Amino acid sequence: MTNYDYIVVGGGAVGLSTAYNLGKACEKGEKVLVLEKFMYFNQAGSSGDFVRMFRTTYSDIELCKLALKARDLWTELEKEANVELIKMTGLLNFGDPDYQDGPEGNLTKPIEIMNQLNMEYQQLSSAEIMERYPFRNLPSNFIGVFAKDNGIINVFLTLRILYKLAQENNVELRENEEVTKLELNTGNHSEDHNVIVTTIRNNVNGTQDTMTYSAKKVIITAGAYVNNVIKTLNFQIQLCIWEMVSMYFTLDAVSNPPIQVPSMWFQFQDETPDSKSNLFYGFPEVSWGPENQTRIAVDYASRMIYDPDERHTGVSEYELQITSKWVEKHCIGVQKYPVFQGTCLMPNAHDNNFVLDFAPEKVLGPAHKNIIIFTAGWAFKFVPLLGKCLSQLAINGCTEYDISNYNIDREGVLKDDKDTPPKHPVYKPQPC
């Protein structure tokens, strides 16, 4: 058995950020290990594709405050790595001002919050939106809210920078190694408590080895795979996993002037008879992405699963159909059908919030703080903050950030019985 002080399970963006922060904060001689089930920089979970939104426009003031704190940590990370990780283009939210609520809140509530927090924004009419963006046929009652302090996260570079910084801080990073068992070893004193981690390592020659480690603290950042990791601990988390579709459409580059999308955008509109969701969003072309392509997709999943191993091959035809129809009707100089598309796994708790906490004390007893869990929620924009928060929980047993809304014991997060199918989330799945 190899002993470590901290083991991080899951080597996506949050896991690498946690490992980097642990490596920085650890005392001399303390050891940190990351175990990744797949290869690093894979497309199997929630950290795939080229881009993610960094935004501060929220219908929840606590998330807005967290995003503002995360923005400062992104700046610190960029300075340390001497690279630009976020391209600040701004964000245009637009749509029906009477739209009430959905997975991204609504259009008007963020205005109240931005006023309360003295944040800059600009309101636009439907006509002004179509003057500035390559859109057409927008309803006359649509309004827009443009906030400049939002930007496009370079996903590829962020992952690689966090990996490199973790290495430089003496973190050991292993891939193709799946955790198969977690076991709490509880002595008479709290300092004797530790976690035994058993894995199967898949070697490059096709053989497998069973490995066993011991750690003072285990931090689980496995996203949609969290229940696979904690299955031997006698509790499970109620998650509905959305298979989120992303699509890339060709922009007309030979028109005069060439078609350009000036910033990220998000449309808020109720469903209509011909579309179960009208929550469309888009990104401009970026230098690290496919040339002359804009990402446009719908913030909706017709495929929802409860086990990541049930993931479908390819994308849902329904999302492809409604997005292409929206592009044809409302976009100028954008090819109707996408050049390519893909999916990522988005784990959701019933209230659309994070699960960020120690393992439940009512299940594991006094040693529950030896295991820390993060899953669910729309997290990439918070990656530096989540890594710092999780490392503080592991080292200090507490964090400077208010995470009281994300505790694991809140109603509807834990399954009452792990053999009972999970409840549907607020946004119910459609037949696959």
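Because the structure is a prediction, the values reported are computed rather than measured.
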Practice task
Using atom types as modelled and distance alone, determine if a side-chain donor or acceptor of Gln238 lies under 3.5 Å from a backbone N or O of His350.
Solution key: no
Exercise answer: donor-acceptor pairs, residues 140-148 side-chain atoms, under 3.5 Å, sequence neighbours excluded:
residue, atom, partner, partner atom, Å
Lys148, NZ, Glu120, OE1, 3.4

Handout entry: pair Tyr121-Thr57: side-chain heavy atoms closer than 4.5 Å
Key = no
Handout entry: side chain to side chain contact (heavy atoms under 4.5 Å, CB included) involving Thr250 - partner list, sequence neighbours excluded
Key = Asn292, Gln293, Gln335, Val339
Problem - Those residues that, when tested against Tyr281, pass ring pair (Phe, Tyr, Trp, His ring centres under 6.0 Å) (two or more places apart) - result: none
Practice task
Identify the heavy atoms of Gly12 and Ser47 that sit nearest to each other, and give their distance.
Solution key: CA-OG, 4.0 Å
Problem - Asn154 side-chain N/O to Leu85 backbone N/O, donor-acceptor pair under 3.5 Å - result: no
Handout entry: Reported CG-to-OG1 distance for the pair Leu35 and Thr221, which is rounded to 0.5 angstrom
Key = 10.0 Å
Handout entry: Within 6.0 angstrom of Tyr337 OH, more than 12 heavy atoms from elsewhere
Key = no
Problem - Inter-residue atom distance Leu68.CG - Thr56.OG1, 0.5 Å rounding - result: 5.5 Å
Practice task
Please name all residues satisfying side chain to side chain contact (heavy atoms under 4.5 Å, CB included) with Asp49, sequence neighbours left out, ordered by chain then number.
Solution key: Val51, Arg52, Ser246, Tyr248, Arg295
Exercise for the section: Could you walk me through whether Ile259 and Ile332 pass side-chain contact (heavy atoms from CB on, under 4.5 Å), step by step? Expected result: CA-CA 8 Å; Ile259 297 297; Ile332 299 170; 4.3 Å; yes
Exercise for the section: For side-chain contact (heavy atoms from CB on, under 4.5 Å), just list the numbers for Leu107 and Tyr99, CA-CA rounded to whole Å, side-chain angles, deciding distance to a tenth of an Å, and then say yes or no. Expected result: CA-CA 7 Å; Leu107 181 58; Tyr99 176 83; 5.7 Å; no
Handout entry: N-O pairing of Lys79 and Glu76 below 4.0 Å
Key = no
Exercise for the section: Could you go through the side-chain contact (heavy atoms from CB on, under 4.5 Å) check for Asn405 and Leu63 one step at a time? Expected result: CA-CA 10 Å; Asn405 288 336; Leu63 279 175; over 6 Å; no
Practice task
Hey, could you give me each pair passing salt bridge (charged side-chain N to carboxylate O under 4.0 Å, His left out) that has a residue in residues 374-398? Not counting sequence neighbours.
Solution key: Lys388-Glu400
Practice task
Give a yes or no on whether the backbone of Tyr40 and the side-chain of Glu175 come within a donor-acceptor separation of less than 3.5 Å.
Solution key: yes
Completion exercise
Exactly one of Thr199, Asn203, Asn202 clears side chain to side chain donor-acceptor pair (under 3.5 Å) with Asp209, and that residue is Asn203
Practice task
Using the ring of Tyr318 (Phe, Tyr or Trp, six-membered ring only), decide whether Lys276 places NZ or CZ under 6.0 Å from its centre and within 45 degrees of its axis.
Solution key: yes
Exercise for the section: Only pairs at least two apart or in different chains count here, so list each salt bridge (charged side-chain N to carboxylate O under 4.0 Å, His left out) that has a residue in residues 256-272. Expected result: none
Problem - Side-chain (Thr399) to main-chain (Leu393) donor-acceptor, under 3.5 angstrom - result: no
Problem - Nearest heavy-atom neighbours spanning Trp288 and Val155 - result: NE1-N, 4.5 Å
Practice task
Output every pair passing salt bridge (charged side-chain N to carboxylate O under 4.0 Å, His left out) with a member in residues 321-332, not counting sequence neighbours, ordered by first then second residue.
Solution key: Asp274-Lys325, Glu328-Lys336
Handout entry: CD-CD1 distance between Gln236 and Ile230, expressed to the nearest 0.5 angstrom
Key = 5.0 Å
Completion exercise
Residues Asn407 and Val413: closest non-hydrogen pair is O-CG2, 4.4 Å
Handout entry: Flag, side chain of Glu172 to backbone of Leu33, donor-acceptor distance under 3.5 Å
Key = no
Practice task
Give a yes or no on this: more than 12 heavy atoms of other residues, nucleotides or ligands lie within 6.0 Å of atom NZ of Lys31.
Solution key: yes
Problem - Close side-chain approach of Glu168 to Glu80, heavy-atom, < 4.5 Å - result: no
Handout entry: Straight-line distance of Ile305 CD1 to Leu239 CG, nearest 0.5 Å
Key = 11.0 Å
Practice task
Report, as yes or no, whether the 6.0 Å neighbourhood of atom NZ on Lys24 holds more than 12 heavy atoms from other residues, nucleotides or ligands.
Solution key: yes
Exercise for the section: Compute the ring centroids of Phe38 and Tyr225, then answer whether they are less than 6.0 Å apart. Expected result: yes
Fill in the blank from the handout: To the nearest 0.5 Å, atom CD1 of Ile241 lies from atom SG of Cys344 at 11.5 Å
Fill in the blank from the handout: The complete set of salt bridge (charged side-chain N to carboxylate O under 4.0 Å, His left out) pairs with one or both residues in residues 235-262, sequence neighbours excluded, reads none
Problem - Backbone of Tyr20 reached by a side-chain donor or acceptor of Asn169 within 3.5 Å - result: no
Practice task
Check the pair Thr343 / Arg311 against side-chain contact (heavy atoms from CB on, under 4.5 Å), numbers first and verdict last.
Solution key: CA-CA 10 Å; Thr343 62; Arg311 185 178 190 171; 3.0 Å; yes
Handout entry: Criterion salt bridge (charged side-chain N to carboxylate O under 4.0 Å, His left out) against Arg201, the qualifying member of Glu177, Glu36, Glu178
Key = Glu177
Completion exercise
Contacts of Gln43 meeting side chain to side chain contact (heavy atoms under 4.5 Å, CB included) (sequence neighbours excluded), chain-then-number -> Phe156
Exercise for the section: State which residues pass side chain to side chain contact (heavy atoms under 4.5 Å, CB included) with Asp98; sequence neighbours excluded, sorted by chain then number. Expected result: Asp96
Exercise for the section: Measure from the ring center of Phe50 to the ring center of Phe283 and say whether it is less than 6.0 Å. Expected result: no
Practice task
Report yes if some heavy atom in the side chain of Leu22 is under 4.5 Å from a heavy atom in the side chain of Ile395; otherwise report no.
Solution key: yes
Handout entry: Residues Lys65, Asp402; criterion salt bridge (charged side-chain N to carboxylate O under 4.0 Å, His left out); working and verdict
Key = CA-CA 10 Å; Lys65 289 177 180 178; Asp402 181 4; over 6 Å; no
Can you list, pair by pair, the side-chain donor-acceptor contacts under 3.5 Å of residues 260-268, counting residues two or more places apart and other chains?
residue, atom, partner, partner atom, Å
Ser263, OG, Tyr133, OH, 2.5
Gln267, OE1, Trp326, NE1, 3.4
Gln267, NE2, Gln269, OE1, 3.3
Gln267, NE2, Asn278, O, 2.9

Exercise for the section: Please check if atom CG in Asn115 has more than 12 non-hydrogen atoms from other residues, nucleotides or ligands closer than 6.0 Å. Expected result: yes
Problem - Atom CE of Met39: over 12 foreign heavy atoms under 6.0 Å - result: no
Handout entry: Pairwise distance CD1(Ile403) to SG(Cys389) - rounded to 0.5 angstrom
Key = 4.5 Å
Exercise for the section: Anything under 30° is parallel, anything over 60° is perpendicular, the rest tilted; go ahead and classify Tyr58 against Phe382. Expected result: tilted
Handout entry: Non-hydrogen side-chain atoms of Thr18 and Leu386 separated by less than 4.5 Å
Key = no
Practice task
Using a 4.5 Å cut-off on heavy atoms from C-beta on, say whether the side chain of Tyr4 contacts that of Val197.
Solution key: no
Problem - ring pair (Phe, Tyr, Trp, His ring centres under 6.0 Å) involving Tyr6 - partner list, sequence neighbours excluded - result: none
